[in-house]
J.: 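Here it is, the structure, as structure tokens.
Just so you know, residue 1 is the first one in the sequence shown, and it goes up from there.
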Amino acid sequence: MIRVAILFLVLFTGTLAAQSVTLEGSVIDAKTQKKIPFANLIFSNFKIGTSANAKGDFKFTINEKLKNETVLVSCVGYNEEVVKALELNEKPISLTQKTNELSEVTLYKMRLEKQKRINSFRGKQIVGLGNFSGGAYPSALARYYERPRGFEDACFIKEIEIQFYRILGKSSQQATFRLRILDVSQDGKPGRDLLDSDIIITKPEGNQKLTFDLSAYKVNVPQAGFFVSVEHIFIEENKFSESYTLKVNDTSGYREYKVDRYAPIFKGIETSTNNTITRCFYRSINGWKSIDLLNTEGSALNGKFPAPAFKLIFTD
């Protein structure tokens, strides 16, 4: 029988002090002046943040002590901006579009004559992957895939299937998330976006999997391989709550905590540190970190590690 586990990084933070500040505004394109949907806003030195909604607007409440701290504003296809928290209320935050950073581009015609399928779930224990930030700020998961053999010239990503895990005790809600295809940086971690387009996907209510056709994007797989990344978007439509009962101390006994999370929960697999093929990362405040840095002793994973897993089809 397959053992199923759900892993969250549980980060309990103290409640906001009585004095708080509400940040409310929008993120816009510096050239077109149009609002940018689903941009991320994260405090550079604190584990807190949010996302703009589909209209490019955001609203969240912070401790007043953070009002002069810096916030990193980012979105796929745009250069990042760092602003003071209170500036978010003063005027729309403008982001400038990135120029194409690829130094050399070789064009190939898709022939669609050859196909290769990769199934990362086959024979593996299933695990659910939620917010690795503990629901505190938008984070992401990424898994490395090597360029498949047998493709002499061009090798394109034709299709990606993403599976989802049902939230315990809840129906499978509709959820919006971001899909990214990244190259491999010099340090072996997820690097730059291979696509200029911001791919936003909405999982319909009740769906446990969906397939996304990447043929139109003509993503030619680099010789060094690539990363598939999925990113949670912190908007009200994705929010759900979970309760945890934890022991405070011997005197006070146990206390129940209610924590906000953001759907969806992605379905993945268990892996171990000696698996050199599976290179997986989660994005923290300080950038990408290897998943095997997590302490999973005493959890349902029992010292093993969670890995995002996707079904991919490559073509020529």
J.: If you group Ile, Leu, Val, Met, Phe, Trp and Tyr by side-chain heavy-atom gaps below 4.5 Å, do L41 and I200 land in one group?
T.: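 As far as the 4.5 Å side-chain criterion goes, I200 and L41 are not connected within one cluster.
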J.: I'd like to know if F234 and V259 are part of one continuous hydrophobic network [Ile/Leu/Val/Met/Phe/Trp/Tyr, side-chain heavy atoms within less than 4.5 Å].
T.: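 Different hydrophobic clusters.
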J.: Does E152 CD have over 12 foreign heavy atoms under 6.0 Å away?
T.: no
J.: Of the options V76, D183, I181, which is the one that meets D193 in a side chain to side chain contact (heavy atoms under 4.5 Å, CB included)?
T.: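 Only match with D193 under side chain to side chain contact (heavy atoms under 4.5 Å, CB included): V76.
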J.: Between R143 (side chain only) and P308 (backbone N and O only), is there a donor and an acceptor less than 3.5 Å apart?
T.: yes
J.: Take N286 and S284 through the side chain to side chain donor-acceptor pair (under 3.5 Å) test and state the conclusion after the steps.
T.: CA-CA 5 Å; N286 300 316; S284 71; 4.9 Å; no
J.: Would D196 and K98 pass as an ion pair if we require N to O under 4.0 Å?
T.: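 No, this pair does not count.
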J.: Hey, mind stepping through F156 and N220 against side chain to side chain contact (heavy atoms under 4.5 Å, CB included) and telling me if it holds?
T.: CA-CA 5 Å; F156 299 96; N220 190 16; 4.0 Å; yes
J.: For a quick test of reading the model, state the closest non-hydrogen atom pair linking K116 to P148 and the distance between them.
T.: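 Taking every non-hydrogen atom into account, CD-CB, 3.4 Å.
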J.: Would you say R180's side chain and V228's backbone share a donor-acceptor pair under 3.5 angstrom?
T.: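 No; judged by distance alone, with no hydrogens or angles, the pair does not exist.
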J.: Near K114 NZ, under 6.0 Å, is it more than 12 heavy atoms from other residues, nucleotides or ligands?
T.: yes
J.: Quick one: side chains of residues 84-95, donor-acceptor pairs under 3.5 Å with protein atoms, not counting sequence neighbours, listed by atom name and distance.
T.:
from, atom 1, to, atom 2, distance (Å)
N89, OD1, E24, N, 2.6
N89, ND2, T22, O, 3.1

J.: What distance do L66 atom CG and L23 atom CG have between them, rounded to the nearest 0.5 Å?
T.: 9.0 Å
J.: Between H232 and F266, does a side chain to side chain contact (heavy atoms under 4.5 Å, CB included) hold up when you go through it step by step?
T.: CA-CA 10 Å; H232 286 99; F266 298 101; 3.6 Å; yes
J.: Nearest 0.5 Å please: distance from the CD atom of E231 over to the CD1 atom of I199.
T.: 12.0 Å
J.: CD1/I160 to NZ/K311 distance, rounded to the nearest 0.5 angstrom?
T.: 14.0 Å
J.: Which heavy atom of W288 sits nearest a heavy atom of K189, and at what distance?
T.: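 Here W288 and K189 meet closest at O-NZ, 3.2 Å.
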J.: Please determine, by modelled atom types, if N79 and T96 share a side-chain donor-acceptor pair under 3.5 angstrom.
T.: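 Note: N79 and T96 side chains meet the donor-acceptor criterion.
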J.: Return yes if some donor-acceptor pair links the side-chain N/O of N53 with the main-chain N/O of G56 below 3.5 Å, else return no.
T.: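 Side chain of N53 to backbone of G56: a pair is present.
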J.: With distance as the sole criterion, is a donor-acceptor pair present between the side chains of D29 and Y78 under 3.5 Å?
T.: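 Short answer, yes.
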J.: Membership question, hydrophobic clusters at under 4.5 Å side-chain separation (ILVMFWY): are F58 and F46 in the same one?
T.: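 Yes: a chain of side-chain contacts under 4.5 Å links F46 to F58.
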J.: Considering residues, nucleotides and ligands other than E113, do more than 12 of their heavy atoms fall under 6.0 Å from its CD?
T.: yes
J.: Please confirm whether the ring centroid of F164 lies under 6.0 Å from the ring centroid of F177.
T.: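 Yes: the rings meet the under 6.0 Å criterion.
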J.: Quick one: does any side-chain atom of S241 pair with a main-chain N or O of D260 as donor and acceptor, under 3.5 Å?
T.: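 It does not hold such a pair.
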J.: Looking at every heavy atom in both K124 and S120, which two are closest together, and how far apart are they?
T.: CG-O, 3.8 Å
J.: I need the D57 CG to I36 CD1 distance, nearest 0.5 Å.
T.: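 Taking CG in D57 and CD1 in I36, the distance rounds to 12.0 Å.
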J.: Report the C-alpha separation of K31 and Q97 in whole Å, then their side-chain angles, then the decisive distance to 0.1 Å, and conclude whether the side chain to side chain donor-acceptor pair (under 3.5 Å) test is met.
T.: CA-CA 8 Å; K31 182 177 181 180; Q97 292 188 19; over 6 Å; no
J.: Quick check: does any side chain N or O of K67 sit under 3.5 Å from a backbone N or O of S20, one acting as donor and the other as acceptor?
T.: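 It does not hold such a pair.
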J.: Work out which heavy atom in I157 is nearest to a heavy atom in F226; give both atom names and the distance.
T.: CD1-CE1, 3.5 Å
J.: Closest approach of S139 and R283, non-hydrogen atoms and distance?
T.: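 Closest approach of S139 to R283: CB-O, 3.4 Å.
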J.: Angle class for the F132/Y282 ring planes (parallel below 30°, perpendicular above 60°, tilted otherwise)?
T.: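 Geometry flag for Y282 against F132: tilted rings.
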J.: Mind checking whether Y145 and F310 have parallel, tilted or perpendicular rings, split at 30° and 60°?
T.: tilted
J.: How close do I285 and F43 get, heavy atom to heavy atom, and via which atoms?
T.: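 Heavy atoms of I285 and F43 come nearest at CD1-O, 3.8 Å.
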J.: Measure the spacing between CD1 of I42 and OG1 of T70 and express it to the nearest 0.5 Å.
T.: 12.0 Å
J.: When rounded to the nearest 0.5 angstrom, what distance separates CG in L214 from CG in L194?
T.: 11.0 Å
J.: Would you sort out whether F227 and R279 count as a side chain to side chain contact (heavy atoms under 4.5 Å, CB included), showing the intermediate values?
T.: CA-CA 9 Å; F227 285 91; R279 288 161 48 190; 4.2 Å; yes
J.: Could I get the full list of side chain to side chain donor-acceptor pair (under 3.5 Å) partners for D187, not counting sequence neighbours?
T.: S185
J.: If two hydrophobic side chains count as joined below 4.5 Å and joins carry through other members, does V83 share a cluster with L72?
T.: no
J.: Using a 3.5 Å distance criterion without hydrogens, assess whether the side chain of N131 forms a donor-acceptor pair with backbone atoms of S133.
T.: no
J.: Can you list the steps and then say if T202 with E237 is a side chain to side chain contact (heavy atoms under 4.5 Å, CB included)?
T.: CA-CA 11 Å; T202 297; E237 296 89 330; over 6 Å; no
J.: Same cluster or not: are F38 and V73 linked, directly or through other Ile, Leu, Val, Met, Phe, Trp or Tyr residues, by side-chain heavy atoms under 4.5 angstrom apart?
T.: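 Looking at the clustering, V73 is in a separate group from F38.
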